[in-house]
Amino acid sequence: MTTGTWRLTALVIRRERLIAPFWMALLAVLAAGQAGRYAQSFPTAHSIADFAREMAANRALTAFAGEVHSPTVAGMAVWKNADAIYTVLALIAILTIVRHTRGEEESGRAELVGAGVIGRFAPLTAALVFTAGAMVATGLICALAMISTGFDVTGSLCFGAAITAAGLVFTGVGALAAQLTEGARAAIGLAALVLGVSYLVRFTADGSGLTWLKWLSPQGWSHLVRPYGDDNWAALLPALALAALTAALAYLLAGRRDLGHGLIPQRPGPAGSARLRSPCPWPGACTGDCWPAGASATPWPGWSWALWRAPSRRCPGRAPRSRSSCAATPPRPRRR
């Protein structure tokens, strides 16, 4: 059932060989760069502690960035950028896994590849192997970037693990959404909805002080790790469990559905529209008006004004026509 997995994995790596290293390095620079700026701005432990106390007292900032767990340079750098890194990496995971699963089916490439010696689960396995590996590599690179800046090794590895956990959770969510829907856009929308709800729950928990609400949010689990604070490794267990559960469900659904179909059918559009059965509803279609000269060269306000003024400007030599004679009157032949 997984024949050809490694060939497809190599193909995914080849297709992602430029964009994946870019966003990995970008997130690592974001993490370590903020720590370097704070080290220059707050050279003493007293100054960074005062800054941490001031930020922790601001409920609005706490809601957006999370709680301050460590009044150190590394702890404040994590407080500043961790939530943004978790969210961006989760979105990258969703886009990547959907692009190489549902996106391949929607474009027809999966059917073409499936004509060869390819197992049923090989495309899903290849996408999961690459995306999960990229999430682990991103966490490791961010941890090494923090260690190279001179921060604690244990706290840096804990921070990298929290980053990886956020990516793995939404890798599984994206894979499951790709099996549920019939289109790549719908899969991305469904997985992004889960991400938005997760962020909203975490935001509410930190903004209201109800810390227990974080246990209901996948992003909240990464915040509960508390790098450079007490390094709560146990908070990673729910994230790993959910990632494994969603991946297992994705495999289960992939084995029960037809290629190109999903469990959630697409809603058909309207059968017809009375407004588009004739050209008469459009401005100037039944009056014989000249198209205003300023309509193509002006922005929207000028374009709207030109359309409003158009009925008063008739083409020379042409009489206005009624709406009832619009479809019945043939066009006039051009004179040579």
Side-chain angles (χ1 to χ4, degrees), residues 16-43 48 51-52 55-56 58 60-97 130-171 174 192 195-196 198-199 202-203 206 217-229 231 235-236 239:
E16 298 284 340
R17 68 186 184 278
L18 297 179
I19 188 63
F22 171 75
W23 53 257
M24 289 180 189
L26 181 64
L27 294 179
V29 169
L30 181 64
Q34 186 64 50
R37 286 191 292 271
Y38 276 172
Q40 294 178 356
S41 302
F42 306 100
I48 191 65
F51 175 69
M55 294 298 101
N58 192 321
L61 291 178
T62 301
F64 279 102
E67 294 179 330
V68 176
H69 301 295
S70 175
T72 60
V73 173
M76 293 307 297
V78 170
W79 169 82
K80 178 68 175 179
N81 285 332
D83 188 71
I85 293 175
Y86 300 154
T87 305
V88 170
L89 188 64
L91 185 58
I92 290 173
I94 291 171
L95 295 175
T96 303
I97 193 70
F130 172 80
T131 309
M135 300 302 109
V136 174
T138 304
L140 183 60
I141 291 173
C142 290
L144 293 177
M146 297 296 285
I147 293 173
S148 65
T149 312
F151 298 121
D152 178 62
V153 175
T154 304
S156 299
L157 292 177
C158 191
F159 180 42
I163 293 173
T164 299
L168 289 178
V169 167
F170 286 96
T171 297
L195 175 59
S198 171
Y199 180 86
R202 200 281 311 159
F203 183 94
D206 284 323
S217 167
Q219 284 183 299
W221 299 335
S222 294
H223 280 266
L224 288 170
V225 174
R226 297 189 286 271
Y228 303 103
D231 296 336
L236 297 174

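Start at 1 with the first residue, then count along the sequence. None of these values were measured; they are calculated from a predicted model.
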Checklist entry - So do T164 and T138 actually touch side chain to side chain, heavy atoms under 4.5 Å? => result no
Next on the checklist: Nearest 0.5 Å, please: how far is CZ in F203 from OG in S198?
Outcome noted: 13.5 Å
Checklist entry - Quick one: do the R37 and Q34 side chains pair a donor with an acceptor below 3.5 Å? => result yes
Checklist entry - Do E67 and T62 have side-chain N/O donor and acceptor atoms under 3.5 Å apart? => result no
Item to check | M135 CE to I92 CD1 distance, which is reported to the nearest 0.5 Å | outcome: 6.5 Å
Item to check | Point-to-point distance, once rounded to the nearest 0.5 Å, from CD1 of I48 to OG of S70 | outcome: 9.5 Å
Checklist outcome for this item: Residues V169 and A239: closest non-hydrogen pair is CG2-O, 3.4 Å
Next on the checklist: Taking the side chain as everything from C-beta on, heavy atoms only, tell me whether F170 gets closer than 4.5 Å to L89.
Outcome noted: no
Checklist outcome for this item: Tightest non-hydrogen contact, residues A32 and T149, listed as CB-OG1, 3.8 Å
Item to check | Derivation of the side-chain contact (heavy atoms from CB on, under 4.5 Å) call for L236 and V225 | outcome: CA-CA 7 Å; L236 297 174; V225 174; 3.5 Å; yes
Next on the checklist: Could you walk me through whether D206 and F64 satisfy the side-chain contact (heavy atoms from CB on, under 4.5 Å) test, starting with their C-alpha distance in whole Å, then the side-chain angles of each, then the deciding distance to 0.1 Å, before giving a yes or no?
Outcome noted: CA-CA 8 Å; D206 284 323; F64 279 102; over 6 Å; no
Checklist outcome for this item: Taking every heavy atom of L195 against every heavy atom of A90, the minimum-distance pair comes out as CD1-CB, 3.8 Å
Item to check | Where D83 and A65 come nearest, the two heavy atoms and their spacing | outcome: CB-O, 4.1 Å
Item to check | Check: T96 side chain, A93 main-chain N or O, donor-acceptor pair, under 3.5 Å | outcome: no
Item to check | Pairwise side-chain contact, H69 with W79, heavy-atom cut-off 4.5 Å (strictly under) | outcome: no
Checklist entry - How long is the span from the OG atom in S222 to the CD1 atom in I85, to the nearest 0.5 Å? => result 11.0 Å
Item to check | Q219/T87 under side chain to side chain donor-acceptor pair (under 3.5 Å): CA gap, chis, key distance, verdict | outcome: CA-CA 8 Å; Q219 284 183 299; T87 305; 2.7 Å; yes
Checklist entry - I147 and S156: which non-hydrogen atoms are nearest, and at how many Å? => result CG1-CB, 3.4 Å
Checklist entry - Where the side chain of N81 meets the backbone of L30, is there a donor-acceptor pair that is under 3.5 Å apart? => result yes
Checklist entry - Nearest heavy-atom pair of F42 and V73: which atoms, and what distance? => result O-CG2, 4.2 Å
Checklist entry - Under 6.0 Å between ring centres, would you say that holds for F51 and Y38? => result yes
Checklist entry - Is it the case that T171 and T131 place a side-chain donor and acceptor less than 3.5 Å from each other? => result no
Checklist entry - Under the 3.5 angstrom rule, does the side chain of D231 hit a backbone N or O of Y228 as a donor-acceptor pair? => result yes
Item to check | Side chains of V88 and W23 in contact at under 4.5 Å (non-hydrogen atoms) | outcome: no
Checklist entry - Got a donor-acceptor contact below 3.5 angstrom from the R202 side chain to the H223 backbone? => result no
